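Here is the structure we will look at.
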Number of protein chains: 2
Amino acid sequence: MVQTRMTKQRAIILEVLRSVKTHPTADELYTLVRERLPRISLGTVYRNLDILTASGDILRLDRAGEQKRFDGDISPHYHIRCDECGRVGDLFMTFPLPDLEKIQVENFDVHGLEVIFSGVCDHCRRRVEQ
Amino acid sequence: MVQTRMTKQRAIILEVLRSVKTHPTADELYTLVRERLPRISLGTVYRNLDILTASGDILRLDRAGEQKRFDGDISPHYHIRCDECGRVGDLFMTFPLPDLEKIQVENFDVHGLEVIFSGVCDHCRRRVEQ
DNA sequence: ATGCCTGCAAAGCCTTTGCATCTGC
DNA sequence: GCAGATGCAAAGGCTTTGCAGGCAT
């Protein structure tokens, strides 16, 4: 493990990310963090998101759309993505999933599986219905 | 529906994609197609992949890694992605999945769900074990 | 004091797009 | 013949990175 330092930038990025439920993109988080650190750079945001992901303090949602999104809530839960606007929501349910031990795939060792839900968020439903 | 034309380029892209099981990226497909159409452009490959995806003739794997990958096999099946190299394999199994009717998510209408498996492919397992 | 971290800017990578030309239908 | 498609090259969007100076430990 490489040594890391808790800089003001890193602390605030983590704090802001934990305070929102929007699963922001790096750029959205950059905008939010600049309200408190107006001179922070986008590169610093990206670098810290990498470090915080590697340390397990946050989640990087690689499969939640085109751009990566980040989640400050690392408790086990699923995500749902709006097909219209890309917004991501949380889904704190459990349900039966296939037993990985029983899954055989040619040429692969199976290690895990990910479930992503899709749908339409309230905001877009209203817009579409009009 | 917009009118489309079956050009030589489109036909060969589709033929090549259907002939491989590698779930190539646009660039990998471009390389393969150039063996038969040396003067095709990468832009044409992208444009045709868009059109073929929209028409349902191929699948675009949006959640199978950083780059998008494409699949000429549109029969129902799952995918597994190698955590090491990003290769994608097929998984023709069925298993119980949560009933979408029963899933309630705040602020969302649930429409679908996607399952992606992850693991390590033979090629990388050999490399990692050494 | 050390070396990790920052801001800035440039570069990288993948994908899309404008334009003149070409070609299925 | 005409609208859709192509090749080429430039531009776009997101992310990473080189560098000189700054700061946590």
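Chain A is the first sequence line, chain B the second, and so forth, proteins listed ahead of strands; every chain is numbered from 1. If you're wondering where the values come from, they're calculated on a predicted model, not measured in any experiment.
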Quiz item: Donor-acceptor pair under 3.5 Å: do we get one between A/Arg39's side chain and the base of D/dG22?
Solution: no
Quiz prompt | Side chain of A/Ile40 - closest among D/dC8, D/dC14, C/dG7 | solution = C/dG7
Quiz prompt | Between CE on residue B/Met6 and CG on residue B/Leu14, distance to nearest 0.5 Å | solution = 6.5 Å
Self-check item: B/Tyr46 side-chain proximity, nearest of D/dG7, C/dT15, C/dG7
Solution: C/dT15
Exercise. Would you check if the side chain of B/Arg81 reaches a backbone N or O of B/Ala64 as a donor-acceptor pair within less than 3.5 Å?
Key: yes
Practice problem: Can you sort out which residues in residues 24-34 of chain B have a heavy atom within less than 4.0 Å of DNA chain D? Ascending by number, please. | Solution: none
Quiz item: Contact class for A/Arg10 (heavy atom, under 4.0 Å): base, sugar-phosphate, or nothing?
Solution: sugar-phosphate
Exercise. Specify the angle, to 10°, made by the local axes at the two ends of the helix from C/dA1-D/dT25 to C/dC25-D/dG1 when five pairs are taken at each end.
Key: 40°
Self-check item: Members of residues 60-73 of chain B that approach DNA chain D, where some heavy atom sits under 4.0 Å away
Solution: none
Quiz prompt | Donor-acceptor pair under 3.5 Å, B/Arg47 side chain vs D/dG4 base | solution = no
Self-check item: Residue mapping more 5' on DNA chain C - nearest nucleotide basis, B/Met6 or B/Gly43
Solution: B/Gly43
Quiz item: Any idea which of C/dT16, C/dC8, D/dT6 is nearest the B/Asp50 side chain?
Solution: C/dT16
Quiz item: Any idea which of D/dC14, D/dA5, C/dT15 is nearest the B/Leu42 side chain?
Solution: C/dT15
Practice problem: Send over the distance from B/Asn48 CG to C/dT17 P, rounded to a whole Å. | Solution: 15 Å
Quiz item: Looking at the side chain of A/Thr7, which of C/dC25, C/dG7, D/dA24 is the nearest nucleotide?
Solution: D/dA24
Quiz prompt | Under-3.5 Å donor-acceptor pair between B/Arg5 side chain and D/dG4 base | solution = yes
